[in-house]
Number of protein chains: 2
Amino acid sequence: MRVSDKHQKITQAAVKVFARKGFFNARISDIAKEAKVADGTIYLYFNNKYDILISLFEDEIGKIIVKVKLLLENETDPLKMLEIYAIHHLSLLQDQKELVEVLQMELRQSNKFIKEYRNTKFIEYIDIISEIVHKGQDSGHFRKEIMPGVIKRAFFGALDEMSRLWALSAKPHYTLEETAKHISDIFLRGIVVRNS
Amino acid sequence: MRVSDKHQKITQAAVKVFARKGFFNARISDIAKEAKVADGTIYLYFNNKYDILISLFEDEIGKIIVKVKLLLENETDPLKMLEIYAIHHLSLLQDQKELVEVLQMELRQSNKFIKEYRNTKFIEYIDIISEIVHKGQDSGHFRKEIMPGVIKRAFFGALDEMSRLWALSAKPHYTLEETAKHISDIFLRGIVVRNS
DNA sequence: GCTTATTATGAATAATGATTCATTTTTGTT
DNA sequence: AACAAAAATGAATCATTATTCATAATAAGC
């Protein structure tokens, strides 16, 4: 087994365990068991428990960024682009429920207990929104007076709160697409130059 | 000192310590020191460490609900009501920074590690939004086809993500009122019957 | 097939910190 | 003031677990 495979295997196991028990309640031995390796093996690939979490953030958010950028690549209409972002973000929950749970529960507070860690990948992910908004303002689709720095947080926050609800409660009342479009629609009506 | 005073004193100390270190990194002895009581004293007022956190949620969100309901009491315009809610929510950060940090960091994940705990107070707080939206639909101000259950999450999520940004970064770029009005404005344009 | 280098193991270590409870201090009553 | 009841103390307990490291297994080179 290649080195990177085992790294990956431990990361995947950590996602499962962190999702189930949370970072602090997760034991290294739980992760080792899930990954089918010895406890000590984990320390050949990671410096410590925090390092597993940080490494997981970087890798997985990196992948998410690559994917959403790919989806946006061939779209030029900023309205459509926001909708694509919304659908993609909510889709994550379907495709990778455990990962989303970990990101939601642990990512935010990581700044608190890991002082050195500046979450640059996360910032890169939400900055995609403000780039779209800027583009829409330049092209005349969006009102000039809206503040991209506020909108990116508001839009992301709206989506992520839905995602959180679904992650905790059993079943969504509405379909994912329906909800993504509903939220995009509200925002778009709020930021476009003229309402049709 | 009355019994309830000491309960309160420990709760306040816990807010400070949890905000500084996070729930899991906070030691009971830290809270005891901050509250100027002995470690053992804490166990005369709380069953265990989790109980401090839960009790803190219930008490403090309860107070927040009372306050925002009071603010909304004399307002009948649903548009204004949403704005009031937004301003109040963002104001919390100014008035009670440490409490907001604890609610943001620890509240969400508490469902994960304290299985028995259904966070009813939190639900009561965000349900205020859907009540306003329903009222606005009944009065003809808001479009019938919008989904209050989605809007309440989206609106709350938008506000709370701003709050989180400010809690982590040093200084807001915009004033609180400005931001609250900007976010309310986007949502209101998105949900009103006709745009002016 | 033998030797060396790499990778993996998991029992032992060592620190940590929540909780308990025997003892002390404070408060209230007569 | 003397006594009882209530409240507070904090050192000792005891379980928990991240990390280490001496040893073993596996792979690579020749």
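Note that the coordinates shown come from a computational prediction; the quantities given were computed from them, not determined experimentally.
For the helix from dG1(C)-dC30(D) to dT30(C)-dA1(D), the axis fitted to the five pairs at one end and the axis fitted to the five pairs at the other end meet at an angle of 10° (nearest 10 degrees).
Every residue meeting the salt bridge (Lys or Arg N to Asp or Glu O under 4.0 Å) condition with Asp127(B), not counting sequence neighbours, appears here in chain and number order: Lys152(B). With sequence neighbours excluded, the residues forming a side chain to side chain contact (heavy atoms under 4.5 Å, CB included) with Gln137(A) are Val133(A), His134(A), Phe142(A), Ile146(A), Pro148(A), listed by chain and number. Under the side chain to side chain donor-acceptor pair (under 3.5 Å) criterion, Asp185(A) pairs with Arg189(A), not counting sequence neighbours. Every residue was checked against the ring-ring contact (aromatic ring centres under 6.0 Å, His included) condition with Tyr174(A), not counting sequence neighbours, and none meets it. Under the rule for a side chain to side chain contact (heavy atoms under 4.5 Å, CB included), the partners of Asn48(A) that lie at least two apart in sequence or sit in another chain are Tyr50(A), Asp51(A). For Thr41(B), the side chain to side chain contact (heavy atoms under 4.5 Å, CB included) partners two or more places apart in sequence, or in a different chain, are Lys6(B), Val37(B), Ala38(B), Leu44(B), Tyr45(B). A search for side chain to side chain donor-acceptor pair (under 3.5 Å) contacts involving Thr179(B) returns nothing, not counting sequence neighbours. With sequence neighbours excluded, the residues satisfying ring-ring contact (aromatic ring centres under 6.0 Å, His included) with Tyr85(B) are Tyr125(B).
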Which atom pairs, one a donor and one an acceptor, fall under 3.5 Å between side chains of residues 60-74 of chain A and the rest of the protein, sequence neighbours left out?
| from | atom 1 | to | atom 2 | distance (Å) |
| --- | --- | --- | --- | --- |
| Glu60(A) | OE2 | Lys63(A) | NZ | 3.2 |

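With rounding to whole Å, Asp5(A) atom CG is found 11 Å from dA8(C) atom P. Separating the CG atom of Asp30(A) from the C1' atom of dT16(D) is a distance of 12 Å, rounded to the nearest angstrom. Taking atom CD1 on Ile42(A) and atom P on dT17(D), their separation rounds to 15 Å, with Å as the unit. Rounded to whole angstrom, the span from the OH atom of Tyr45(B) across to the C1' atom of dT19(C) amounts to 18 Å. When the C1' atom of dT26(C) is taken as reference, atom CG of Leu44(B) falls 14 Å away, rounded to whole Å. Whole-Å rounding puts the Asp51(B) CG to dA18(C) P distance at 15 Å.
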Could you run down the sub-3.5 Å N/O contacts of the protein with nucleotides 18-21 of chain D?
| from | atom 1 | to | atom 2 | distance (Å) |
| --- | --- | --- | --- | --- |
| dA18(D) | OP1 | Ala26(A) | O | 3.4 |
| dA18(D) | OP1 | Lys49(A) | NZ | 3.4 |
| dA18(D) | OP2 | Ile28(A) | N | 2.7 |
| dT19(D) | OP2 | Tyr43(A) | OH | 2.6 |
| dT19(D) | OP2 | Lys49(A) | N | 3.1 |
| dT19(D) | O5' | Tyr43(A) | OH | 3.4 |

Extract from the structure each pairing of a protein N or O with an N or O of nucleotides 13-15 of chain D at less than 3.5 Å, listing the distance.
none

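In this structure, Phe24(A) and Phe24(B) have parallel ring planes: the angle between them is below the 30° cut-off, well short of the 60° mark.
In terms of modelled atom types and a separation under 3.5 Å, the side chain of Ser139(B) and the main chain of Lys135(B) share a donor-acceptor contact.
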